[in-house]
Novice: 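Just passing along the structure, written as structure tokens.
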Amino acid sequence: MNKDSNDNHSEEVKSNFIHLEIDKDLEENKNGGAVLTRFPPEPNGYLHIGHAKSICLNFSLAQKYGGGCNLRFDDTNPVKEDVEYVDSIQEDVKWLGFNWEKEVKFASDYFDQFYAWALLLIKAGKAYVDDQNADEIAKQKGTPTEPGTESPFRNRSVEENLDLFERMKAGEFPTGAKVLRAKIDMSSPNMHLRDPYMYRIIHQAHHRTGDKWCIYPIYDFAHGQEDFIEGITHSICTLEFKVHRPLYDWFLDQIREADENWKAKVRPRQIEFARLNLNYTVMSKRKLLELVQKDIVEGWDDPRMPTVSGLRRRGYTPESIRNFADKVGVTNRDSITDVALLESCIREDLNKKVARVNAVIDPLKLIITNYPEDQEEWVELINNPEDESMGSRKLPFSREVYIERDDFMEDAPKKFFRLTVGKELRLKGAYAITCTGIKKNEEGVIEEIYATYDPETKSGATTVTRKIKGVIHWVSAKHAVDAEVKLYDRLYNHEAPAAQKDADHLDFINPDSLQVVRAKVEPSLKDAKALDKFQFQRIGYFCVDKDSSSDKLIFNRTVALKDSWSKKK
RNA sequence: UGUCCCAUGGUGUAAUUGGCAACACGUCUGUUUUUGGUACAGAAGAGUUUAGGUUCGAAACCUAAUGGGACAACCA
């Protein structure tokens with residue numbers, strides 16, 4: 001990966017408490033002025049918006065201080081991990097706009113070194129092999145209010161520990177038969193210091209090391225060393241790891257004490273920050289996986305998912321997500337961010353970037369009775385009033401057009417600026433029309449609307465000066481292209497679906513989170529390609545779905561336009 | 001009935017480290033507009049969880065209370 005291409009975007013990042021800490025370290029010349037961070041996902045799931053916050057934080061730190069950021073897979077548990085995730089994670093990080101330092105890193109590349117260090121700790125009398133099973137060890141752990149008791153195997157000789165550990169590695173014992181533990185303090189008020197696990201036996205092939213290993217290091221005996229080996233200066237993680245920090249430091253201190261080659265190396269510093277929470281959504285990999293496995297959504301990239309791939313498919317841009325990550329800030333207090341902030345970020349970005357098009361998502365036919373039967377003409381519309389350089393396009397206009405069912409009302413209040421019998425309004429970019437009548441079926445549902453147009457009011461060329469308040473979008477019936485449009489709403493109808501004592505998050509699934517409608521869209525959309533983004537005039541922002549084709553157009557609604565009219569009602 | 005962390009408008013963050021609380025989102029008003037969008041102008045909304053203390057002066061420092069969170073996986 002090329003470091004220089006890392007800043008194709010150089011947004012000013014809001015300052016936060018981590019900057020202050022790094023500034024301090026730099027002043028003390030702790031790492032010779034270097035700043036190297038890392039994003040260390042476990043390849044056991046897809047990245048979500050919470051990871052995106054962490055990614056933005058770590059890479060922006062690197063950018064700000066002229067350092068780098070590694071992408072490192074924390075692949076120490078073969079039973080949960082898979083290459084599928086390794087691939088999707090790299091794709092998502094790149095898509096977000098970040099380039100990691102050099103080649104991708106893997107914790108599994110350091111297994112030999114971890115093993116050598118474990119041997120050193122055993123020799124120093126700081127680690128021992130325990131023959132007990134998980135239950136027994138858990139019982140001896142004590143509780144947060146009671147100290148633990150020492151394992152009967154705690155005081156084995158160095159020779160015996162060495163022998164046993166080597167045989168663990170050699171595959172002499174079955175999965176789970178023995179573990180390697182650090183010898184620290186069973187009565188520590190910090191549970192993580194009560195002789196924590198270092199290695200366990202797992203007879204399972206690893207996606208990168210194959211069958212080379214049957215013992216795998218636990219997080220605490222891996223993460224700090226990974227940072228240390230790579231020369232990470234600041235190891236940024238979430239709040240729940242705060243209690244692990246003494247252990248993170250302890251292992252590295254032992255290693256530096258026991259290993260001449262690493263004595264002089266500066267210990268990386270762990271700094272914790274609060275993870276992102278969003279209302280009306282869940283953010284745990286386990287729950288997201290549950291949504292996928294129970295077919296509540298259509299996969300990890302379902303546009304209702306808070307995953308990076310879901311947001312991408314929904315029509316979010318990397319810029320909007322980066323901007324959002326900056327706006328939520330970085331602190332060490334738990335909080336729940338309103339999804340409205342995320343939505344405002346994507347609206348802000350798309351508003352200036354994306355072309356406006358005419359699309360009718362709930363079509364109602366309107367017949368212009370005084371417009372010649374076989375006549376058609378082309379009218380010109382501006383592509384984006386926010387950006388003149390995007391030019392204009394021509395749209396066919398004819399006697400029959402589709403308008404939005406919502407844009408007509410029989411008994412309209414005076415504040416209704418749209419169409420009602422006897423009222424005049426403008427078909428955007430075309431003519432002013434006056435509604436003359438409607439046709440209903442037996443059930444009273446309106447089937448057609450009739451209107452007359454005023455040829456003197458053609459957009460651009462008009463000499464008519466009277467004020468026409470209402471303007472609606474439309475699509476020529478004869479030229480319209482059919483499209484499937486997916487209207488998404490929040491996946492949950494509860495603000496905090498994962499935080500209820502007596503209920504499961506699945507109890508709060510919004511049954512109307514997806515509504516599929518048949519729309520009529522302007523012909524220029526016929527060849528729109530996957531991920532193309534548009535503003536459907538007066539409706540919202542839409543993105544072409546990956547399953548779309550010119551035979552069957554599919555659009556996903558990214559977000560609706562702000563709507564101060566429906567609020568009034 | 002432990003240890004540690006946290007506490008600022010509805011929400012998320014600021015406050016140059018002790019000098020009369022700012023920004024964004026949201027909400028509400030207007031103006032412009034061939035999008036009830038955007039833009040622009042403006043408004044409401046916290047006196048910083050509470051009680052003590054230190055100080056000429058506290059959102060910031062100290063103590064306690066209250067509330068929230070983390071910690072007892074051969075997960076990360």
Side-chain angles (χ1 to χ4, degrees), chain A residues 14-16 20 40-42 44 74-77 79-81 130 132-134 137-148 175-181 188-192 194 197-202 215-216 218-220 222-223 237-244 246 272 274 276 279 285-286 326-345 347-348 351-352 356 358 381-382 384-386 415-418 425-430 432 457 459-460 462 468-473 535-541 560-568:
Chain A
K14 210 161 72 179
S15 107
N16 60 54
L20 263 32
E42 184 190 15
N44 68 344
D74 212 351
D75 55 349
T76 57
N77 186 1
V79 313
K80 290 190 170 182
E81 296 153 8
D130 196 327
Q132 300 178 105
N133 63 35
I137 292 175
K139 257 177 237 145
Q140 291 161 5
K141 269 261 148 107
T143 69
T145 56
E146 297 161 310
T175 293
K178 292 185 189 327
V179 289
L180 183 71
R181 291 224 263 166
S188 170
N190 183 337
M191 299 287 293
H192 296 279
R194 322 244 263 224
Y197 296 109
M198 291 168 64
Y199 268 94
R200 74 289 216 191
I201 300 170
I202 306 175
I215 55 170
Y216 293 91
I218 234 79
Y219 170 84
D220 289 301
H223 204 94
C237 64
T238 46
L239 249 29
E240 68 270 28
F241 290 100
K242 205 175 196 99
V243 282
H244 291 246
E272 310 84 9
L276 173 71
N279 59 9
K285 280 189 198 170
R286 210 207 92 235
D326 189 45
K327 280 183 167 161
V328 295
V330 179
T331 65
N332 42 31
R333 92 175 71 127
D334 299 298
S335 61
I336 301 167
T337 296
D338 193 336
V339 276
L341 183 63
L342 216 209
E343 293 177 348
S344 83
C345 288
R347 283 197 194 98
E348 183 188 16
N351 175 51
K352 55 189 188 217
R356 276 62 172 162
N358 280 10
L381 279 100
I382 301 288
N384 186 352
E386 305 297 314
K415 294 279 265 178
F416 187 72
F417 304 151
R418 284 113 98 155
L425 61 47
R426 175 175 291 283
L427 293 177
K428 188 175 173 70
T457 59
S459 278
T462 182
I468 301 166
K469 173 74 180 165
V471 180
I472 62 173
H473 59 98
Q535 184 197 100
F536 286 4
Q537 195 83 230
R538 300 205 309 131
I539 301 176
Y541 294 99
L561 247 34
K562 275 213 268 181
D563 181 2
S564 52
W565 165 245
S566 65
K567 261 183 232 160
K568 267 180 195 154

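Values below: every heavy atom of this structure, side chains too, minus hydrogens, waters and symmetry copies. Computed from a predicted model, the values in this text were never measured in an experiment. Here is how names work: the chains are called A, B, and so on, in the same order as the sequence lines, proteins then strands, and each is numbered from 1.
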Novice: Would you mind reading off the distance between A:Leu427 atom CG and B:U35 atom C1', rounded to a whole angstrom?
Specialist: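 After rounding, the reported distance stands at 14 Å.
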
Novice: Check whether any side-chain N or O of A:Asn279 sits under 3.5 Å from a backbone N or O of A:Val339 as a donor-acceptor pair, and report yes or no.
Specialist: yes

Novice: I'd like the C1' distance from B:A46 over to B:C40, given in whole Å.
Specialist: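 One C1' to the other, the span is 27 Å.
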
Novice: Check every strand shown and say whether A:Thr76 touches a base, only sugar-phosphate, or nothing at a heavy-atom separation below 4.0 Å.
Specialist: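 Sugar-phosphate, no base atom in range.
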
Novice: Would you mind calling B:U50 syn or anti? Take O4'-C1'-N9-C4 for purines or O4'-C1'-N1-C2 for pyrimidines, and syn is within 90° of 0.
Specialist: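 You should classify B:U50 as anti.
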
Novice: Which label fits B:G53, syn or anti, where anti is any glycosidic angle not within 90° of 0?
Specialist: anti

Novice: Within less than 4.0 Å of OP1 or OP2 of B:G36, is there a side-chain N or O belonging to A:Arg538?
Specialist: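 For A:Arg538, the contact criterion (side-chain N or O under 4.0 Å from OP1 or OP2 of B:G36) is met.
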
Novice: Suppose you measure atom P in B:C4 against the same atom in B:U63; what distance do you get, rounded to whole Å?
Specialist: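 These two P atoms come out 12 Å apart once rounded.
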
Novice: Can you tell me how far the OG1 atom of A:Thr457 sits from the CZ atom of A:Arg426, to the nearest 0.5 Å?
Specialist: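 Atom-to-atom, A:Thr457:OG1 and A:Arg426:CZ are 5.5 Å apart.
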
Novice: Using the C1' atom on both, measure B:C74 against B:G69 and round to a whole Å.
Specialist: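 To the nearest whole Å, 27 Å.
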
Novice: Does A:Arg200 make a side-chain N or O approach to OP1 or OP2 of B:C75 shorter than 4.0 Å?
Specialist: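 Checking B:C75 against A:Arg200, a side-chain N or O does come within under 4.0 Å of OP1 or OP2.
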
Novice: Name the closest nucleotide to the A:Phe241 side chain, picking from B:A76, B:G36, B:C74.
Specialist: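 Selected nucleotide (nearest to the side chain): B:A76.
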
Novice: Using the test side-chain hydrogen bond (donor to acceptor under 3.5 Å, both in side chains), find all partners of A:Thr143 that sit at least two apart in sequence or belong to another chain.
Specialist: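 Once residues adjacent in sequence are excluded, the partners of A:Thr143 under the side-chain hydrogen bond (donor to acceptor under 3.5 Å, both in side chains) criterion are A:Thr145, A:Glu146.
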
Novice: Nearest to the A:Asn77 side chain among B:G12, B:G2, B:C75, which nucleotide is it?
Specialist: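 The answer is B:C75, which lies nearest to the side chain.
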
Novice: With rounding to the closest Å, how many angstrom separate the C1' atoms on B:A21 and B:A60?
Specialist: 12 Å

Novice: I'd like a table of atom pairs between the protein and nucleotides 41-48 of chain B - only N or O on both sides, under 3.5 Å - with the distance next to each one.
Specialist:
none

Novice: Provide the distance between the two C1' atoms, one in B:U34 and one in B:G9, to the nearest whole Å.
Specialist: 39 Å

Novice: I'd like to check the side-chain contact (heavy atoms from CB on, under 4.5 Å) partners of A:Asp334; sequence neighbours left out, ordered by chain and number.
Specialist: A:Leu239

Novice: For the pair made of CD in A:Gln535 and C1' in B:A39, what is the distance, rounded to whole Å?
Specialist: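 Atom-to-atom, A:Gln535 to B:A39, this comes out as 14 Å.
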
Novice: Please pick, from B:A70, B:A76, B:G2, the nucleotide with the shortest atom-to-atom distance to any side-chain atom of A:Val243.
Specialist: B:A70

Novice: Between atom CD in A:Glu348 and atom C1' in B:A39, what is the gap in whole Å?
Specialist: 13 Å

Novice: Which residues satisfy the side-chain contact (heavy atoms from CB on, under 4.5 Å) test with A:Glu343, sequence neighbours excluded?
Specialist: A:Tyr316, A:Arg347, A:Val559

Novice: With a 4.0 Å limit, can you tell me whether A:Arg333 has a side-chain N or O closer than that to the phosphate oxygens OP1/OP2 of B:U13?
Specialist: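 Yes, such a contact exists.
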
Novice: Could you state the atom-to-atom distance from CG of A:Asp563 to P of B:U35 in whole Å?
Specialist: 15 Å

Novice: Taking only the P atom of each, what is the distance from B:A24 to B:G57 in whole angstrom?
Specialist: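 Per the computed distance, 34 Å lies between those P atoms.
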
Novice: B:U3, B:C75, B:A70: which one has an atom nearest the side-chain heavy atoms of A:Glu240?
Specialist: B:A70

Novice: Does a nitrogen or oxygen in the side chain of A:Ser335 sit under 4.0 Å from OP1 or OP2 of B:U13?
Specialist: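 For B:U13, OP1 or OP2 has a side-chain N or O of A:Ser335 closer than 4.0 Å.
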
Novice: Only counting residues at least two apart or in another chain, list the ones meeting side-chain hydrogen bond (donor to acceptor under 3.5 Å, both in side chains) with A:Glu42.
Specialist: A:Asn44

Novice: Where do N or O atoms of nucleotides 22-32 of chain B meet protein N or O atoms at under 3.5 Å, pair by pair?
Specialist:
unit_1 : atom_1 : unit_2   : atom_2 : d
B:U27  : OP1    : A:Lys567 : NZ     : 2.5

Novice: Consider the side chain of A:Thr337, meaning its heavy atoms from C-beta on, and name the nucleotide among B:U35, B:A73, B:G12 that approaches it most closely.
Specialist: B:G12

Novice: Report which part of the nucleic acid A:Thr331 touches: base, sugar-phosphate, or nothing (heavy-atom distance under 4.0 Å, all strands).
Specialist: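 Sugar-phosphate: the residue A:Thr331, judged by heavy atoms under 4.0 Å, touches backbone atoms but no base.
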
Novice: Dot-bracket for RNA chain B, 5' to 3', with Watson-Crick and G-U pairs under 3.5 Å, [ ] for crossing pairs and | for other-strand pairs: what is it?
Specialist: .((((((..((((.....[..)))).(((((.......))))).....(((((..]....))))))))))).....

Novice: Just checking A:Tyr216: base, sugar-phosphate only, or nothing, at a heavy-atom cut-off of under 4.0 Å?
Specialist: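 Here A:Tyr216 touches no strand at all.
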
Novice: Give me the distance, rounded to whole Å, that separates B:U16 from B:C23 when you measure between the P atoms they each carry.
Specialist: 16 Å

Novice: Taking the P atom in each of B:G2 and B:C25, what is the distance between them to the nearest angstrom?
Specialist: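 Each nucleotide's P atom is 44 Å from the other's.
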
Novice: Please report, rounded to the nearest Å, how far the P atom of B:U11 is from the CG atom of A:Leu276.
Specialist: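 Roughly 16 Å, once rounded to whole Å.
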
Novice: Take the protein atom CG of A:Leu381 and the nucleotide atom P of B:U34, then report the distance between them rounded to whole Å.
Specialist: 14 Å

Novice: Can you tell which of B:U13, B:U3, B:G37 lies closest to the side chain of A:Pro189?
Specialist: B:U3

Novice: Looking only at the side chain of A:Asp74 (C-beta and beyond, no hydrogens), which of the listed nucleotides B:U8, B:A76, B:U34 gets closest?
Specialist: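 For the A:Asp74 side chain, the nearest candidate turns out to be B:A76.
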
Novice: With no angle test and no hydrogens, is the base of B:G36 tied to the side chain of A:Arg418 by a donor-acceptor pair under 3.5 Å?
Specialist: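 Yes.
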
Novice: Rounded to whole angstroms, how far apart are CG on A:Asn133 and C1' on B:C74?
Specialist: 10 Å

Novice: Any donor-acceptor pair under 3.5 Å joining the side chain of A:His244 to the base of B:A70?
Specialist: no

Novice: Under the rule for side-chain hydrogen bond (donor to acceptor under 3.5 Å, both in side chains), what residues qualify as partners of A:Asp563, not counting sequence neighbours?
Specialist: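 For A:Asp563 the side-chain hydrogen bond (donor to acceptor under 3.5 Å, both in side chains) partners, ignoring immediate neighbours, are A:Ser566.
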
Novice: From the set B:U34, B:U38, B:A73, return the single nucleotide nearest to any side-chain atom of A:Asn351.
Specialist: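 Closest nucleotide among those given: B:U38.
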
Novice: Residues in salt bridge (charged side-chain N to carboxylate O under 4.0 Å, His left out) with A:Glu81, at least two apart?
Specialist: none

Novice: What residues, two or more places apart in sequence or in another chain, satisfy salt bridge (charged side-chain N to carboxylate O under 4.0 Å, His left out) together with A:Glu348?
Specialist: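 So A:Glu348 forms a salt bridge (charged side-chain N to carboxylate O under 4.0 Å, His left out) with A:Lys327.
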
Novice: Under the 3.5 angstrom rule, does the side chain of A:Arg418 hit a backbone N or O of A:Gly470 as a donor-acceptor pair?
Specialist: no

Novice: Picking from B:U35, B:G12, B:G36, which would you name as closest to the side chain of A:Val328?
Specialist: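 Selected nucleotide (nearest to the side chain): B:G12.
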
Novice: A:Lys141 NZ to B:A73 P: how many Å, rounded?
Specialist: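 For the pair A:Lys141 NZ and B:A73 P, the rounded distance is 7 Å.
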
Novice: If you only use heavy atoms from C-beta on, which nucleotide in B:A72, B:G36, B:U35 is closest to the side chain of A:His192?
Specialist: B:A72

Novice: Can you sort out the partners of A:Lys242 under salt bridge (charged side-chain N to carboxylate O under 4.0 Å, His left out), two or more places apart, ordered by chain and number?
Specialist: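 Expected list: A:Glu272.
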
Novice: Can you list the residues that meet the side-chain hydrogen bond (donor to acceptor under 3.5 Å, both in side chains) rule with A:Thr238, with sequence neighbours excluded?
Specialist: A:Glu240

Novice: So, does A:Tyr197 get its side chain near the phosphate of B:C74, meaning an N or O under 4.0 Å from OP1 or OP2?
Specialist: yes

Novice: With a 4.0 Å cutoff (strictly under), does any side-chain N or O of A:Ser459 reach OP1 or OP2 of B:U34?
Specialist: no

Novice: Are the ring of A:Trp565 and the base ring of B:G36 both nearer than 5.5 Å at their centres and tilted by less than 30°?
Specialist: yes

Novice: Determine the contact category for A:Gln132: base if any of its heavy atoms lies under 4.0 Å from a base atom, sugar-phosphate if only primed atoms, P, OP1 or OP2 are that close, otherwise nothing.
Specialist: base

